Each structure stands twice: as C-alpha cells, then as structure tokens.
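These notes concern the structure reproduced below.
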Number of protein chains: 2
Amino acid sequence: MAHYHPPYSRRPLTLRDVSEASGVSEMTVSRVLRNRTDVSAATRDKVLSAAKRLGYVPNKIAGALASQRVNLVAVIIPSLSNMVFPEVLRGISDGLQDTALQPVFGVTEYSAEREESVLYEMLSWRPSGVILAGLEHSDAARAMLVNSGIPIVEIMDVDGAAIDSVVGISHRAAGRQMAAAILTAGYRRIGFLGTKMPDDHRARKRLEGFNEVLSKAGVSLIDAEYYAGGSALLKGREMTQAILSRTPDLDFLYYSNDMIGAGGLLWCLEHGIDVPGKLGLAGFNGVELLDGLPIRLATMDACRRQIGSRAASIVAAATADTGGGVRIELTPKLDPGATIRLG
Amino acid sequence: MAHYHPPYSRRPLTLRDVSEASGVSEMTVSRVLRNRTDVSAATRDKVLSAAKRLGYVPNKIAGALASQRVNLVAVIIPSLSNMVFPEVLRGISDGLQDTALQPVFGVTEYSAEREESVLYEMLSWRPSGVILAGLEHSDAARAMLVNSGIPIVEIMDVDGAAIDSVVGISHRAAGRQMAAAILTAGYRRIGFLGTKMPDDHRARKRLEGFNEVLSKAGVSLIDAEYYAGGSALLKGREMTQAILSRTPDLDFLYYSNDMIGAGGLLWCLEHGIDVPGKLGLAGFNGVELLDGLPIRLATMDACRRQIGSRAASIVAAATADTGGGVRIELTPKLDPGATIRLG
DNA sequence: GTGAAAGCGCTAACAC
DNA sequence: GTGTTAGCGCTTTCAC
C-alpha cells in the first residue's frame, strides 16, 4: 500500500553548494560550520544563512577522513533485555555530556563471537575509544583492541587482567560479601536460582565467590534452579515454586538477579511464607524496580550508572590525551532490605 | 592509579600495508576484502592471510566516501528507561538480520530539540535510512528528513501525516477501545494516572481517544494523578494510594503504562481491594513483566517488536530500491487480563 | 584476473 | 580574515 514514493537518492548538498550560494570560499564555509572564531561576523552570517536556507547537513564521512578524527565512542554491551545495561548507557551519556564525543551502541547477546564481529564493525569506523563489558574476549577481539591504538575501557568487572583501562566492581567479592551476610544472619540451607548462561562471566564469578565463603564455613548449596529467556519476573516465580516444592526445608534463596528475585519474593508473599523469618531472599543489581515491591528485596548495588560515567570520562580524558590505563574498582554496598533477618 | 599507558594513536593499517605484505595490488586486496568473486583463489589466499596476520581492519570511512554507500540505519527513539523501546530495537535488529544494514541508535529523552540535534548528527553520517518514533517533529527536523533523500520510517504511531513510510498503531483508537471495554464492563467512575510529559504524544493521543468515548457515553474522568521520573512501579503504588484516598469511590483506574499499572495493582492487592469487582485496572503496552504479577493486569499490546521488524524491512527494501512510502497500521489487541470484570 | 588513475567531500597547512 | 593546494584511504572505472 504505497501512498507516495519520494525521490530517494537525491544528491545531498556539499560545502561547494553553500559556498556558491553564499559567495564565500569552501574553506571559509568549512570554518564557519565548525564554529571557528577566525571568521568575520559578516562572513559568518552570510554562510550561516545560506547553509540554513539550503538545509545543508555536513558530511562527517568526508570530514573524518580528512581530519583523521571521529567523535564516536564505540560502546559494546551484552544485552538490552534487562534494566542493567540501559542504565550503564545513561551513565555513559552523562559522562560524555560536555565533550564532543558521541556514543554508538552495539549488542552482543552474551556471545563472544558476536562481540568479535560487532567490534570489528565498529573499529572499522575508527572511533575515538571503545567501552565494552567484561574482561573475557576472543583472542581475535583482544588482538583488535590491543592493536587499535585507541583508549579501551572494559567495564562492569575488575576480576581479571585488563587490556587498558577498567571500571567495575569485583563480582567475586560481591558474591563473597553476600554469602557472609547470609551466614551471619544464621541461614544455612541455601538454594541458588540463576540464568543458564555459561557466557555471563559476572554471574559466574559472583556464584564462585559465594560458594567460596560457604565452603569455608562448611556450608554448601543444597539445590539450584536455572532458566533461560522469558519474563524474568515470571521465571523467578516459577523457579521459586519449583525449588521449594522439591526442597522445602531451604531457608535461603540466592537469586542471580533482582528481577527473578522479585518474582520469587512476590510468590513467597502470596503463599504466606515468613520472609525473612523462615526464608531469606537476596538478588543482585539494585534495580530501581525493587522500590515498588511490597517489601524490599536484599540486593547489592552494581554501581551501573557510575561505571558508565567513569568509563566515559576515561575515554574523554584519554582522547584529550590526559592519562590512560586507569583502574577503578567501585565497591557495591549490600542492601539487606527486608528479606534478610538480622544476624 | 595508572598502571600502564598504551600507545594511543598508533597508525592504523591501510590497504597499502596489506598490499605490500602480500605482494598484491591495493585494488586487488580491496576486491578480496569485499568478497568479490573475480579474484583467483591463490591471490585471495595470499591477501587473506596477510590481512589476518597484520590484524587489518578496513577503514569504512574511506570506503563510504569512495563508494557513496553507508550501511547504517539511524534509529531515533525517545528513551531507554522502560522496556518498550529496547523491544522495538530488538525488532529492528531482527528485521535487519539478513541485510548488510546495521542499526545505530540515538535517544531524545522525549525532547523535540534533542531529536533535532540527534537527527542532524546522524544524517551527517549519511545513513541508508532513518527510523524514528512518532510523527511530531520540529520544522527543522522535518525539513532535514524530507531533504535527506533516503527512506524515512516513522514508527509507533499512525495518527497523523507521515513524511515517507509509517508503521505503528493508532493510539487514539487504542484509547477508544479501552474506554469502550471499560464502559461495557459497567465501570463509570474512572480515574487516570499517567506521566507528566507534554511531549509524549502517543500517551496524549491515547488519553484523547479514551476521553472521546467516555464523553459520548456521558461519562468523564473523575480524578487524575501525574508523575515524572523515579521508579515507575513505586510511582504507580504511590499515585494509586493518593488518588484512592482523595477519591475513594472510583471504580476504575486507567494507567498510561503497564509499569505504573503494575505498581497500582500490587498496592490494591496488598490492601485487600476487590479487583476487578470493586475496582478495575488497566495499563498499556503489554510488557513481559506483567506475566510475573499475581494476577494479570488488563493491557493492550503495542506491537513493539513487530513495529521494529516491519520498519527495518521497509528500509531494507527501499535501500534495495523496491518500494517506498509504505503505510502499515497494526492492530493492538486488548487483553482484559483479570483486572476488568466481565461486562 | 589484475592494475592505474581519478576522485568521493572535506580539512590541514600554508600563503596571502 | 580568507583563499589555495594537497591529500585523507578507499572504490569506481576503464585499460590491459
């Protein structure tokens, strides 16, 4: 049902068109359009009005090729499916606010292979920097990053060797801290509920840290449930029901993220389970959504927004060629909410 | 705490480097790297191994300038704060899957001014097409779109005049349909809860359609609550409490989105309110999160993913220069859930 | 099947 | 303050 077919492929205007329309040389037109100060007010006005009248939009491709500068920062994240990465993106936007840099996003769906191809694609546009999640990359991706000659910031996680700069939290330490809090509160029969994602290295590290502290206390996970895809809130609900009917004497459920934790919490409340008396619950991330639940779920803030803005600042500084090779470890705080009893 | 300062600004490799390393002319290297078939297998292997060994990443800036082709689709959306746009983005990714096109995202935060500057910025990269939310744009933005000479797809909303192609639903009709369902169910004392966003035209149109049907039935909104920012789930909870304590005899609450509707629903359930007997509730969007609530909130699916993939297909087709100027109106279906009683 | 030359639209560098 | 010249790293075109 075509209703009108516009002339795609109209030739875009060039500097030359503005030059002719204003009677000013291309070079000076270029100066005006780049807000350079060494142009007389009269010339500037002539150019600006001609450009506006014609509807000229500069060609950054040509500009970038000529100047060898591209004001783009490649940002590569695993997913948009939960609230965690959009918030990192907002942090990045904030951090880039007062610079000429613009973020460009790519998504990997937690696949190293896709990360590699997205990275290749983005690097081919010669961005001013790269911000990407995690420290685990394919060899080829790592090589591209090392060879790129631009600032690289790996974010979210600090447990491992960074290529250049890194901003994040220690997920292993976060897992340990939560385990310690749970043990201190007196819980001993602990179940784990999480995603079936072998490539979510941060979730894996949290669980490793968690298990480590449990082991030292002679405790180990009694049962576990995993899911993939679907509504996390619903999955949390379903998995909670499943694990509790299979292993009714659990006294704590550790969820790998807040969304499934929230689903579990709602299920428990509906079923009159004494939380946190008989059963404690905890998630991870500190998502805003938790504010709207009947009672607060214990969680740990992953410092998402802050990570984004710090990473952006590092790229901005490195581009303005201050510094480089920075390591920033943020410390998430544990929020016991109302789902962990006092120890 | 710098731990290592890599040599930013290493000169990236060029075709010439690969040419010299492989002993093949630049032109033929270029052919191989673009997967052209008119190259002998022997030459191809030489080139490929040299390129891989060196870690060559092509410069798309130069390529785009020379070929006058850019495989980028500019995607401009209002926000990443709720689940609606990320899902549109996923639809777009899907729709672009089997093409050479790559989406690039920009966010406006519901500001026409920011839309204009994001658009300007993106058009300056000469993308192959633009997908943007809504039909309302500044005059300057509209002029840029019209003059761009590339396929433009306005998405989400079909209530108004499109520049080129359009894919969406009628929000006015959606509002009308919900009002009709509510009236049919026998509710008469209706309250509205929504965002304080004058520039969210789709929410506005839904409310207009809603009021229109109410008026015709001699009914009008009894009370309203507005919010801006913060956790939508929490705001839904707070606004529900506020509106019901101010106007206790309301028998229906119409929320402008599912998130605040979910917050309201949770609040009502906790306070033992008979839903949908004494009080009916409805939201909008059909977000996945609703699947995890104790009872289903009435809502309307905004067809987000489908809109994204259809829009992407239009751009892909127009680029391959089939068609153009397409209008697709999808029909959202009303899901009465368990929060509207049978009429 | 391969190579040489020209040029995409802009900006750096320098001359005036 | 303004103009001229020479590329940026590719791809197009055409010759071989």
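Labels below follow one simple rule: chain letters A, B, ... track the order of the sequence lines, proteins then strands, and each chain is numbered from 1. Treat the numbers as computed from the prediction; the structure is a model and nothing was measured. Atom set for the values below is all heavy atoms of this structure, side chains included, hydrogens, waters and symmetry mates excluded.
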Per B/Ser30 side chain, nearest of listed nucleotides D/dT11, C/dG9, C/dT11
D/dT11

side-chain N/O A/Ser25 vs D/dT2 OP1/OP2, d < 4.0 Å
no

Taking atom types as modelled, find out whether B/Glu154 and B/His137 have a side-chain donor-acceptor pair closer than 3.5 angstrom.
yes

Is the phosphate of C/dT2 approached by B/Thr43 (side-chain N or O, under 4.0 Å from OP1 or OP2)?
yes

A/Asn59 near the nucleic acid: base, sugar-phosphate alone, or nothing, with a heavy-atom cut-off under 4.0 Å?
sugar-phosphate

Look at the side-chain N and O atoms of B/Tyr56 and state whether any lies under 4.0 Å from the OP1 or OP2 oxygen of D/dG9.
no

By nearest-heavy-atom nucleotide on DNA chain C, the more 5' of B/Met27 and A/Leu15 is B/Met27

A/Glu113, CD atom: more than 12 neighbouring heavy atoms under 6.0 Å:
no

Just to be sure I understand the rule, does B/Arg44 reach a base, reach only the sugar-phosphate, or reach nothing, if contact means heavy atoms closer than 4.0 Å?
nothing

On the nucleotide D/dT2, are OP1 or OP2 found under 4.0 Å from the side-chain N or O atoms that A/Ser40 carries?
yes

Do A/Leu48 and A/Leu33 make a side-chain contact, defined as non-hydrogen atoms from C-beta onward lying under 4.5 Å apart?
yes

Reckon B/Gln68 has a side-chain N or O less than 4.0 Å from the OP1 or OP2 of C/dG9?
yes

Need one value for B/Arg31: base, sugar-phosphate or nothing, where a base atom within 4.0 Å counts as base even if backbone is also close, heavy atoms only.
base

How would you label the contact of B/Arg69 with the nucleic acid (heavy atoms, under 4.0 Å): base, sugar-phosphate, or nothing?
sugar-phosphate

Considering just the side-chain nitrogens and oxygens of B/Arg34, establish if one lies under 4.0 Å of OP1 or OP2 belonging to D/dT12.
yes

Let me know, please, whether B/Leu65 or B/Arg36 comes out on the 5' side of the other along DNA chain D by nearest nucleotide.
B/Leu65

Identified side-chain contact (heavy atoms from CB on, under 4.5 Å) partner of A/Val29 from the options A/Asp17, A/Thr14, A/Thr43, A/Val47:
A/Val47

